[in-house]
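Have a look at the structure below before the remarks.
Only a predicted model underlies this, so the values are computations on that prediction, with no experimental measurement involved. One is the number of the first residue; the rest follow in order along the sequence.
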Amino acid sequence: MADEIAGDDVLDAYSRVVSGVAAHLIPRVASLRIHSRRGDSSGSAVVLTGDGHLLTNAHVVGDGVEASAEFADGTTAQARVVGVDRLSDLAVLRADREIPDPPEYGDADLLKVGNLVVAVGNPLGLAGSVTAGVVSALGRSLPVQSGSAQRIIEDVIQTDAALNPGNSGGALADGNGRVIGINTAVAGIGLGLAVPVNPTTRRIIFSLLHDGRVRRGYLGLVTKPAPLQPALAQRFDQRTALRVVEVIPASPAAAAGLRQGDLVLAVNGVQLRDAQSLQRQLFEDAIARRTELTAIRNNALVDVIAYPAELSD
């Protein structure tokens with residue numbers, strides 16, 4: 001009997017957390033309808049700033065430039081697209097009138113597998129829908145189409161909170177109601193993905209707000225995280241590096257002499273532990289700048305100098 005009462009208390013606490021997050025976020029997540037030459041499409045968007053900006057997915061916006069946003073209280077606003085970044089699958093719009101205050105945005109880098117998360121969006125046109133679950137995995141990769149090229153969104157959050165078409169662009173929040181992700185894809189039954197809100201994506205969002213685009217450096221490397229041998233891990237005080245899977249011909253990396261199989265430890269002295277740690281070194285200020293990459297090749301340490309080009313579609 002005591003165990004049943006304790007179980008009920010746990011469920012009540014869980015329900016209070018989810019309902020509290022829902023009450024906070026539902027007014028701040030809009031149902032979005034994008035108008036484009038190809039017709040209308042729909043999704044969700046989260047209030048980003050107090051002066052009318054909304055955050056959603058790049059794939060929700062598509063090639064549209066205008067949208068309408070409807071909020072839970074029935075009010076609507078017209079919005080224009082401010083900036084789109086297909087490599088992170090993020091886009092920013094601005095409404096033409098006053099909209100609700102933004103929620104607090106957290107830091108997905110602090111998440112752990114098993115943390116409670118709550119998804120708020122407008123799946124299948126059902127406004128203000130709420131689902132809850134846990135962080136199933138971190139550091140996933142998501143292929144996206146950018147122009148004629150397929151690229152990879154790194155460090156994606158995987159959750160078992162139910163997501164359906166229309167959830168894209170909606171909020172993924174922690175138990176305190178802080179937005180820590182933007183729901184981006186339904187990957188299968190019981191499996192959803194979200195772009196994290198963290199220092200890297202905050203920088204992307206800032207660029208979209210102020211410049212309407214994100215400029216990045218391009219090395220021409222395809223990499224994947226790889227563990228270091230114990231002796232190397234102790235020597236360099238890091239457990240993983242990035243193994244070069246492919247060097248794109250005629251790229252800055254090829255010109256610098258990087259080779260398939262190299263283990264890249266650091267860029268300009270900053271250790272690389274995952275793909276996103278490399279991306280952090282390749283924003284606008286890296287373009288055409290002397291960049292030193294430290295790598296291991298045949299158990300020997302090598303330093304190569306590269307000059308990143310500007311990444312384009």
With distance as the sole test, does [X] use its side chain to make a donor-acceptor pair with the main-chain N or O of [Y] at under 3.5 Å?
X: Arg259; Y: Val244; answer: no
X: Gln260; Y: Val245; answer: yes
X: Ser136; Y: Asp160; answer: yes
X: Thr201; Y: Pro196; answer: yes
X: Thr159; Y: Val134; answer: yes
X: Gln238; Y: Leu272; answer: yes
X: Asp89; Y: Asn57; answer: no
X: Ser19; Y: Ser15; answer: yes
X: Asn198; Y: Asp109; answer: no
X: Gln271; Y: Phe236; answer: yes

Worksheet item: Could you go step by step and tell me if Val135 and Ile157 meet the side-chain contact (heavy atoms from CB on, under 4.5 Å) rule?
Response: CA-CA 7 Å; Val135 174; Ile157 303 165; 4.3 Å; yes
Practice prompt. Sort out for me which residue in Leu55, Asp101, Leu54 forms a side-chain contact (heavy atoms from CB on, under 4.5 Å) with Val47.
Written response: Leu54
Item to complete: Please say which of Leu25, Val130, Thr131 ends up in a side-chain contact (heavy atoms from CB on, under 4.5 Å) with Val118.
Response: Val130
Smallest separation among heavy atoms of [X] and [Y], with atom names:
X: Ala58; Y: Val84; answer: CB-CG1, 3.6 Å
X: Val46; Y: Gly170; answer: CG2-C, 3.7 Å
X: Val179; Y: Pro103; answer: CG2-CG, 3.7 Å

Worksheet item: Does any donor atom in the side chain of Asp303 or Thr294 lie under 3.5 Å from an acceptor atom in the other side chain?
Response: yes
Discussion item. For the residue pair Arg33 / Ser68, report whether a side-chain donor-acceptor contact shorter than 3.5 Å exists.
Written reply: no
Worksheet entry | Partner of Glu310 under salt bridge (Lys or Arg N to Asp or Glu O under 4.0 Å), chosen from Arg213, Arg289, Arg216 | Arg213
Worksheet entry | Set of salt bridge (Lys or Arg N to Asp or Glu O under 4.0 Å) partners for Arg178, sequence neighbours left out | Asp174
